Asker: 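Have a look at this one before I ask anything.
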Amino acid sequence: MLRLFCSIFLLGYCLTAHAMYGLQPKQVANNTWVLEGSTDNFSNENGGNIVNIAFIVTDVEVILIDSGPSFAYGRELATAIAKITDKPVGRILLTHHHPDHMLGSQAFPGARIAALAETAQLMQDEGDAMAENMYRMVGDRMRGTEVVMPDTLLEAGLLELDNYRLQLLQLRGHTNADLAVFDPQTGVLFAGDLVFYQRAVSTAHTPSIATWLEDIETLAALPWKVIIPGHGPVARNDAPLQQMRDYLGWLDQLLTTAAAQGDDMNNIMRTPIPKRFADINLTEYELVRTVNHLYPAYEKAYWQQLSE
Ligand SMILES: [Zn+2]
């Protein structure tokens, strides 16, 4: 009886271990696929898969844009890619240092891992602590996951690969070091976390909302046809950019007005979310975090302005 129980238990474990995330690449343009994560927060149930990961298949290799939240995710991603192409994953372009975007790299030992120099520095400084935090929030599916540092540094401009070109943009709005990738061959914009769509923005590491709004205009000016946000559904219109302008503009206005009135943080956190943002997931949760992160700077700016 005990043996039967153990075999059933092990079978269950092996099945979940093999396909924990159920990754299904979706083709969004010529040679371009996306794995769309949930718009929820990190949980045991989603194993940290709250993120969009994308890849391009060129004549010679697969280029991954971000690698996912865990080693297990990376392994499953490698299997999913192998069903589409026999080309090797040659490079991973990391859009920023947040753990849900970079902790799958371990599953691609043959790939060059590339990031902005500032992103590499942030991974060096904060990567291990972020990975530990993921273990706490996501649990078992993080098992064996370690931070793999970039071996190649990227700069803004044209990245010339064999028979393939990508336009790299170095922006700052989400983490102070944000890579956006534009593919002029297909018109796909890999926006990273500069664009959240139908999911409230995470502002923990933004230098300022004004910087972020400037970046949105930089992205809007590109001749894109498809936008792949860091979180939320892929779009073929400018709805994600409009939502970013509207939502960030609302946050900025809310905090500016509150600072001028000398409002208490706890009150601002309870501000009702405007009805037009009803379809955006996690607005209340992220508002509490945003007020914590950003309100002191708004108060400081208000007092500085008064003393001038
Ligand atoms: Zn992020």
Side-chain angles (χ1 to χ4, degrees), residues 34-43 46-54 64-70 73-74 92-105 113-116 118-134 136-138 142 145 147-148 150 154 168-181 189-209 211-213 215-216 219 227-234 240-241 243-244 247-248 251 280-283 285-287 289-290 292-294:
V34 175
L35 300 108
E36 210 174 286
S38 137
T39 55
D40 286 335
N41 205 351
F42 296 114
S43 69
N46 61 40
N49 182 17
I50 61 159
V51 61
N52 294 339
I53 304 299
L64 259 185
I65 291 99
D66 287 337
S67 60
S70 67
Y73 180 104
I92 305 174
L93 308 183
L94 298 177
T95 60
H96 62 297
H97 72 292
H98 283 164
D100 45 334
H101 295 260
M102 58 86 173
L103 286 175
S105 302
I113 302 174
L116 298 169
E118 292 82 352
T119 297
Q121 187 61 51
L122 286 164
M123 284 174 68
Q124 182 82 49
D125 297 344
E126 297 172 23
D128 286 340
M130 287 185 154
E132 267 172 42
N133 200 28
M134 285 284 281
R136 271 196 296 278
M137 291 186 292
V138 167
M142 292 297 296
T145 303
V147 175
V148 182
L154 298 172
L168 306 182
L169 293 96
Q170 177 163 6
L171 301 169
R172 294 176 51 217
H174 175 58
T175 62
N176 215 20
D178 300 292
L179 176 76
V181 179
L189 171 60
F190 305 87
D193 278 8
L194 290 162
V195 177
F196 284 63
Y197 185 38
Q198 309 296 50
R199 199 280 188 201
V201 289
S202 159
T203 54
H205 298 120
T206 182
S208 75
I209 290 180
T211 309
W212 202 334
L213 282 165
D215 289 351
I216 296 298
L219 296 178
I227 299 179
I228 303 178
H231 302 269
V234 173
L241 300 177
Q243 188 174 84
M244 286 300 289
Y247 193 74
L248 287 174
L251 281 178
I280 305 179
N281 207 12
L282 295 178
T283 43
Y285 166 78
E286 290 292 355
L287 178 62
R289 299 178 75 217
T290 293
N292 268 315
H293 297 136
L294 301 184

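None of these values were measured; they are calculated from a predicted model. One-based numbering, in listed order, for ligands and for the atoms of each.
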Asker: For side-chain contact (heavy atoms from CB on, under 4.5 Å), just list the numbers for Glu286 and Val201, CA-CA rounded to whole Å, side-chain angles, deciding distance to a tenth of an Å, and then say yes or no.
Answerer: CA-CA 7 Å; Glu286 290 292 355; Val201 289; over 6 Å; no
Asker: Would you call Glu118 and Arg172 a salt bridge, taking side-chain N to carboxylate O under 4.0 Å as the test?
Answerer: no
Asker: Do any of the N/O/S atoms of His205, backbone or side chain, fall under 2.8 Å from the Zn ion (ligand 1)?
Answerer: no
Asker: Checking only N/O/S atoms, does His174 have one that is under 2.8 Å from the Zn ion (ligand 1)?
Answerer: yes
Asker: Using distance alone, with no hydrogens and no angle criterion, decide if Thr203 and Thr290 have a side-chain donor and acceptor under 3.5 Å apart.
Answerer: yes
Asker: Under 3.5 Å, is there a donor-acceptor pair linking the side chains of Asn133 and Arg136?
Answerer: yes
Asker: Ignoring hydrogens and angles, state whether a donor on the side chain of His96 or His205 is under 3.5 Å from an acceptor on the partner side chain.
Answerer: no
Asker: I need the ND1(His98)-the Zn ion (ligand 1)-OD2(Asp193) angle, rounded to 10 degrees.
Answerer: 170°
Asker: So, is His96 placed with an N/O/S atom under 2.8 Å from the Zn ion (ligand 1), counting both backbone and side chain?
Answerer: yes
Asker: Backbone or side chain, does Asp100 get an N/O/S atom under 2.8 Å to the Zn ion (ligand 1)?
Answerer: no
